[in-house]
Number of protein chains: 2
Amino acid sequence: MNNEEKLDVCMDFIVHRETLDSVNKNALSDDVVNELAEFFKVFGDATRLRILYALSIAEMCVCDLCEFLGMNQSAVSHQLKVLRQSRLIKYRREGRNIYYSLDDEHIQQIIQVGLKHIMEK
Amino acid sequence: MNNEEKLDVCMDFIVHRETLDSVNKNALSDDVVNELAEFFKVFGDATRLRILYALSIAEMCVCDLCEFLGMNQSAVSHQLKVLRQSRLIKYRREGRNIYYSLDDEHIQQIIQVGLKHIMEK
DNA sequence: TCAAAGCATGAATATATGTTCATATTTTAA
DNA sequence: TTAAAATATGAACATATATTCATGCTTTGA
């Protein structure tokens, strides 16, 4: 391993220049990383996961979701807004009701990979 | 659709009983949902994502990561602790340095699915 | 057209979380 | 064995976020 440069981070010539070059060359852009973090953040909440998983089984109106989640309508609507803005769900109006469903084929895939992970560990 | 029961959530007979039965029957347990949320939460931070992506390219010591991330050592170590506790990374000591690497084959898979999602949207 | 149902949303609050600062721990070189 | 380097960690602080409360909007039935 090469230790060619002195850097602020460590006090000696410890940093691995080749590794850093390789990582820097292949790293994701800030924009992509931030978008990706925002995307995963949506899955990082139990309420939203339950909504997504429920919608993977059936289309549901807000009322249905409130009943299923055992939460009040405002809380559910706020989370639905987050999911809408992340384009993970879509909706259609039918009379006074609004029916939500999944809007992306990656969602179930991601949840499945996550499930596989926690099952195996 | 059947509207058989009156529920607190909505003021009329709007809730869809069949849908709810089906969703309740197939829903994930609270434990699994919470574990899954904790798992995804780890991916929902740009710093941690950058670390994971970097480690998918090369094994790195803390010093390397500080330099790559442009962050101080304490902040990096705190995030490494989160990643260790989630069992997403492992480490080995070599002298004074500690080298981190990925500890799970699902990590790259999940990041790839996420990337595919944000690219297509 | 008007009241009520279903849903959305802004503000407020409580809690969670990321970073910094100071310091502790472990290892090696002298 | 002792000082310094590399890393870890507890506490503090600032920010982000989930839920609640109050209220607004849209649609339908009377």
Side-chain angles (χ1 to χ4, degrees), chain A residues 1 3 6-16 33-34 37-38 40-51 59-86 89-100, chain B residues 1 3 6-16 33-34 37-51 59-86 89-101:
Chain A
M1 297 192 189
N3 308 308
K6 184 161 180 57
L7 294 160
D8 305 2
V9 187
C10 290
M11 295 177 170
D12 212 335
F13 303 150
I14 304 299
V15 165
H16 306 84
V33 167
N34 289 328
E38 290 308 310
F40 283 122
K41 209 171 286 184
V42 178
F43 291 85
D45 176 83
T47 298
R48 287 192 294 266
L49 274 183
R50 294 181 72 204
I51 293 175
E59 179 189 61
M60 296 174 82
C61 69
V62 179
C63 241
D64 293 338
L65 285 166
C66 290
E67 168 70 10
F68 169 62
L69 298 167
M71 292 172 63
N72 69 55
Q73 178 265 317
S74 178
V76 174
S77 278
H78 277 295
Q79 295 295 7
L80 288 172
K81 184 178 189 177
V82 174
L83 293 169
R84 262 187 283 125
Q85 289 177 333
S86 312
I89 61 176
K90 61 188 175 189
Y91 63 93
R92 65 179 179 85
R93 181 182 276 277
E94 187 179 310
R96 281 193 272 236
N97 291 337
I98 292 186
Y99 293 89
Y100 281 92
Chain B
M1 300 190 189
N3 309 310
K6 183 162 181 61
L7 295 159
D8 305 4
V9 187
C10 291
M11 294 177 172
D12 212 335
F13 302 152
I14 303 300
V15 165
H16 307 83
V33 167
N34 289 328
E38 291 308 310
F39 174 70
F40 283 122
K41 210 171 286 184
V42 178
F43 292 86
D45 175 82
T47 298
R48 287 191 293 266
L49 274 183
R50 294 181 71 204
I51 293 175
E59 178 189 61
M60 296 174 83
C61 69
V62 180
C63 242
D64 294 338
L65 285 166
C66 290
E67 167 70 10
F68 168 63
L69 297 168
M71 291 173 63
N72 69 55
Q73 179 265 317
S74 179
V76 174
S77 278
H78 277 296
Q79 295 296 6
L80 288 172
K81 184 178 189 176
V82 174
L83 293 169
R84 261 187 284 125
Q85 288 177 333
S86 312
I89 60 176
K90 61 187 174 191
Y91 63 93
R92 66 181 179 85
R93 181 182 277 277
E94 188 179 310
R96 281 194 273 237
N97 290 336
I98 292 184
Y99 292 90
Y100 281 93
S101 56

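Each chain gets a letter, A, B and so on, in the order the sequences are listed, and its residues count up from 1. Worth knowing before you read on, the calculation uses all heavy atoms, side chains too, and leaves out hydrogens, waters and symmetry mates.
Taking atom CD1 of residue B:Ile98 and atom P of nucleotide D:dA8, one finds them 5 Å apart after rounding to whole Å. In this structure, B:Asn97 places its CG atom 10 Å from P of D:dA8, rounding to the nearest Å. Atom-to-atom, CG of B:Leu83 to P of D:dA8 comes out at 12 Å; the value is rounded to the nearest Å.
As judged by a 4.0 angstrom heavy-atom cut-off over every strand, A:Tyr91 is placed among residues making no nucleic acid contact.
Applying the 4.0 Å criterion to OP1 and OP2 of C:dC7, one finds that A:Tyr99 has every side-chain N and O outside that range.
The heavy-atom pair separating B:Arg48 from B:Lys41 by the smallest distance is NH2-O, 3.2 Å.
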Practice item. Take nucleotides 13-23 of chain D nucleotide by nucleotide from the 5' end and write B, S or -, depending on whether a protein heavy atom sits under 4.0 Å from the base, only from the sugar-phosphate, or from neither. Key: ----SSBBBB-
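The line from CG of B:Leu80 to CD1 of B:Ile51 is 5.0 Å long, rounded to the nearest 0.5 Å. Between the NE2 atom in B:His78 and the CD atom in B:Gln73 there is a gap of 8.5 Å [rounded to 0.5 Å].
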Could you go through nucleotides 28-30 of chain D and list every protein N or O atom that sits under 3.5 Å from one of its N or O atoms, giving the distance for each pair?
from, atom 1, to, atom 2, distance (Å)
D:dT28, O2, A:Arg96, NH1, 3.2

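The aromatic rings of A:Tyr91 and A:Tyr100 sit tilted relative to each other, their planes meeting at an angle between 30° and 60°. The aromatic rings of B:Phe39 and B:Phe43 stand perpendicular to each other, their planes meeting at an angle above 60°, with 30° marking the opposite boundary.
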